[in-house]
Asks: 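If you scroll down you'll find the structure; I have some questions about it.
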Amino acid sequence: QIHYTVNPSDAMRNFIWSSSNPEFIQVDDTGAVYALPGTPDGTTATITIASAYNSNIKSTVEVVYSKTQQTSTIKEDKSMTLLLYMSGGSRESEYGLASETIQNILDLEMVYSGLNIVLQTGGAKVWNGETKISNNNLQRWHIENQKLVLDQTLENGNMGDSEVLEDFIEWGLKKYPAEETGLVFWNNDGLEKDCIFDENYLDGWFTNQELDNAFKNSFKDANVNGKLSFVGFESSMMAIIDVAEICSHYFTKMVASQDVLGVFGWDYKTWIDSINSCYYKNGKCDFCLDNLCDSYIQINENTSEMNNCTLSVINLDYVCVSYKSKSVYTLWEERARTLMNDVFAEYPQAAYTMYKSVVSGMKHFGNSKEYGFYDMSTYLEASGTRYHHIYDIVDDVYYYAQWFSWFSINSFVTHNAVGNGHKASGRATAQGLSFYFPTDEGNSYYSTNSTNLTSWKTFIEKITEMCA
């Protein structure tokens with residue numbers, strides 16, 4: 001710890017600390033000096049404290065790291081593992097976006113030594129860039145000292161095969177065990193069957209049920225007790241209740257978009273920099289998911305006129321864990337039964353007309369209403385204020401009030417970043433989680449066949465019949 005005095009004593013005390021050798025020795029904004037893991041014995045650095053208002057007003061001190069005298073401190077090396085399942089698809093073969101993502105990570109001058117960044121690559125006809133990733137094999141890598149280090153070369157396989165995913169997760173959990181582990185699907189596509197896409201195969205995608213099977217089997221084989229830190233989908237329109245329900249059994253949080261993914265995808269450089277900063281300043285192992293969401297919006301904010309990008313952090317514990325004896329799963333299912341058994345059974349045509357009116361007045365996600373994805377929280381607010389005009393069921397208004405206040409107050413969506421295209425009168429029209437509702441146009445992109453929400457599935461099937 002560097003101690004200092006200020007003269008005169010009433011001078012303003014805003015300072016900037018810096019190290020001449022930050023690769024090995026760093027200083028925080030309190031004057032505490034520490035050596036990074038792997039610092040050689042005898043390493044020196046000049047620590048400078050300067051006025052934030054006049055850089056010419058400064059003082060310096062020389063420090064030396066000694067393993068025996070411990071004049072500097074090595075911070076405890078806590079561990080984190082980030083598993084990246086990178087199916088390149090056409091976004092790699094045509095535009096080189098997966099290779100660019102990897103290169104952006106390699107360009108980071110410093111990565112916290114306890115952070116394992118582990119990748120599986122495949123799914124593209126052609127891999128670009130200077131990384132020499134194989135076009136003909138699945139490969140597994142880790143990043144070390146700004147280099148992509150090959151761990152395994154496997155026979156080519158379908159990245160959209162649940163067994164291939166299952167094997168990667170099991171391998172990653174066993175080879176790179178950590179206190180905190182996150183899993184990210186990279187592909188820049190979406191819509192249930194396209195959370196990734198392998199362009200080498202006609203069936204190169206996952207259904208929700210296939211994801212569920214891969215998670216369940218890999219966790220069992222890797223002897224995972226409990227949940228991993230988070231799952232992230234760098235793809236379009238995966239922030240839906242069906243996907244959240246499945247992931248809630250295996251992960252604490254989910255990061256996903258309600259709308260089409262921005263052309264530049266996630267900003268890995270800024271995100272990983274924030275993970276580094278959080279650890280070295282606060283000594284915390286934190287995936288900094290809020291920073292991931294905010295940096296994603298910023299890097300894509302000028303890519304389209306409306307900027308329809310969204311990215312939210314969803315607390316999956318609320319999906320299964322009860323809140324006042326009601327979980328998200330329970331409430332959504334009960335609402336579906338109420339609508340189906342009490343409302344549509346008694347007033348079928350009036351209820352259907354009103355339901356269509358509610359949904360048609362809401363902002364849809366994707367480039368067309370044909371996708372059928374709408375914001376859950378906005379829907380609950382709209383339906384709660386309209387349905388009571390056509391029937392007198394107190395329970396439905398109760399469910400609306402309970403749901404909407406529960407969403408807002410209890411932070412089911414813990415962070416929500418949206419572009420200007422999803423803001424109206426200062427309020428986000430995309431509030432973090434979507435649901436599927438069929439439209440008159442039909443939907444060839446999504447179905448309820450893989451959902452575990454059985455009552456909602458039955459209700460949607462009834463609506464689909466009425467649409468026809």
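Only this structure's heavy atoms are used, side chains among them; waters, hydrogens and symmetry mates stay out. On a predicted model such as this, the values are computed, not experimentally measured, just so you know.
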Asks: Does a sphere of radius 6.0 Å around CG in D107 hold more than 12 heavy atoms from other residues, nucleotides or ligands, not counting ones at 6.0 Å or beyond?
Replies: yes
Asks: Any sub-3.5 Å donor-acceptor pair from S257's side-chain atoms to S236's backbone N or O?
Replies: no
Asks: Using modelled atom types only, decide if a donor and an acceptor are shared between the side chain of N145 and the backbone of K147 within a distance under 3.5 Å.
Replies: no
Asks: Please check if the side chain of E234 supplies one atom and the backbone of W266 the other of a donor-acceptor pair under 3.5 Å.
Replies: yes
Asks: So, S248 side chain and E245 main chain: donor-acceptor pair closer than 3.5 Å or not?
Replies: yes
Asks: Would you find a donor on one side and an acceptor on the other, under 3.5 Å apart, between the side chain of N187 and the backbone of S235?
Replies: no
Asks: Is the shortest heavy-atom distance from the side chain of L84 to the side chain of W186 under 4.5 Å?
Replies: no
Asks: Please find the pair of heavy atoms, one from N128 and one from S99, that lie closest to each other, and give the distance.
Replies: O-OG, 2.8 Å
Asks: Can you measure from CD (E180) to CG (L228) and round to the nearest 0.5 angstrom?
Replies: 9.5 Å
Asks: Taking atom CG of L211 and atom CZ of F185, what is their separation to the nearest 0.5 Å?
Replies: 5.0 Å
Asks: For the atom pair OG1 (T121) and CH2 (W127), what is the distance rounded to the nearest 0.5 Å?
Replies: 5.0 Å
Asks: Atom CD of residue position E163 - does it have more than 12 heavy atoms of other residues, nucleotides or ligands inside 6.0 Å?
Replies: no
Asks: Can a side-chain donor-acceptor contact be found between S90 and E199 if the only test is distance below 3.5 angstrom?
Replies: no
Asks: Roughly how far, to the nearest 0.5 Å, is CG of L119 from CD1 of I133?
Replies: 7.5 Å
Asks: Could you tell me whether the side chain of L138 reaches within less than 4.5 Å of the side chain of N156, counting heavy atoms only?
Replies: yes
Asks: Looking only at heavy atoms, which two atoms of L108 and Q146 are closest? And how far apart?
Replies: O-NE2, 3.0 Å
Asks: Using a 4.5 Å cut-off on heavy atoms from C-beta on, say whether the side chain of L433 contacts that of I241.
Replies: yes
Asks: Under the criterion side chain to side chain contact (heavy atoms under 4.5 Å, CB included), I'd like the reasoning laid out for T414 against L289: C-alpha separation, chi angles, the key distance, then a yes or no.
Replies: CA-CA 10 Å; T414 62; L289 300 179; over 6 Å; no
Asks: Start with the C-alpha gap between T270 and Q298, add the side-chain angles, then the distance that decides, and say whether side chain to side chain contact (heavy atoms under 4.5 Å, CB included) holds.
Replies: CA-CA 10 Å; T270 300; Q298 291 170 7; 5.9 Å; no
Asks: Side chains of K227 and D317: does their closest heavy-atom pair fall under 4.5 Å?
Replies: yes
Asks: Does any N or O in the side chain of Q120 come within less than 3.5 Å of the main-chain N or O of R140, such that one atom is a donor and the other an acceptor?
Replies: no
Asks: Do the side chain of N300 and the main chain of F264 share a donor and acceptor less than 3.5 angstrom apart?
Replies: yes
Asks: Anything under 30° is parallel, anything over 60° is perpendicular, the rest tilted; go ahead and classify Y374 against F435.
Replies: tilted
Asks: Begin from the C-alpha positions of Y250 and L316 and carry the test side chain to side chain contact (heavy atoms under 4.5 Å, CB included) through to its verdict.
Replies: CA-CA 9 Å; Y250 311 100; L316 295 176; over 6 Å; no
Asks: Taking the side chain as C-beta and beyond, is there a heavy-atom pair between L173 and I169 under 4.5 Å?
Replies: yes
Asks: Crowded around E155 CD? As in, over 12 foreign heavy atoms under 6.0 Å?
Replies: no
Asks: With a 4.0 Å cut-off, would you call K174 and D221 a salt bridge?
Replies: no
Asks: Heavy atoms only: give me the nearest F233-M254 pair and the separation to one decimal.
Replies: CE1-SD, 3.9 Å
Asks: Quick one: does any side-chain atom of S434 pair with a main-chain N or O of F373 as donor and acceptor, under 3.5 Å?
Replies: no
Asks: Distance-only, no hydrogens or angles: does the Q139 side chain make a donor-acceptor pair with backbone N or O of S134 under 3.5 Å?
Replies: yes
Asks: Distance-only, no hydrogens or angles: does the S20 side chain make a donor-acceptor pair with backbone N or O of A45 under 3.5 Å?
Replies: no
Asks: For T181 versus L83, what's the shortest heavy-atom pair and its separation?
Replies: CG2-CD1, 4.2 Å
Asks: Identify the heavy atoms of H422 and D259 that sit nearest to each other, and give their distance.
Replies: NE2-OD2, 2.7 Å
Asks: How far apart are the C-alpha atoms of Y296 and C309, what are their side-chain angles, what is the distance that settles it, and do they pass the side chain to side chain contact (heavy atoms under 4.5 Å, CB included) test?
Replies: CA-CA 8 Å; Y296 162 71; C309 296; 3.7 Å; yes
Asks: State, with a plain yes or no, whether a side-chain heavy atom of I49 is found less than 4.5 Å away from one of I2.
Replies: no
Asks: Can you check whether V184 reaches L82 side chain to side chain, under 4.5 Å on heavy atoms?
Replies: yes
Asks: Should the pair F287 and W271 be assigned to parallel (<30°), tilted (30 to 60°) or perpendicular (>60°) ring geometry?
Replies: tilted
Asks: Return the orientation label for the W171 and Y176 ring planes: parallel under 30°, perpendicular over 60°, tilted otherwise.
Replies: perpendicular
Asks: What distance do L292 atom CG and D290 atom CG have between them, rounded to the nearest 0.5 Å?
Replies: 9.0 Å
Asks: For a 4.5 angstrom cut-off between non-hydrogen side-chain atoms, does K175 reach V118?
Replies: no
Asks: Look up atom CG in N158 and atom OG in S87, then write down how far apart they are to the nearest 0.5 Å.
Replies: 8.0 Å
Asks: I need the minimum non-hydrogen distance between H415 and C293, along with the two atoms involved.
Replies: CD2-CB, 3.8 Å
Asks: Parallel, tilted or perpendicular: which fits the ring planes of F168 and Y85, with parallel below 30° and perpendicular above 60°?
Replies: tilted
Asks: Is it true that Y65 and F24 have ring centroids separated by less than 6.0 Å?
Replies: no
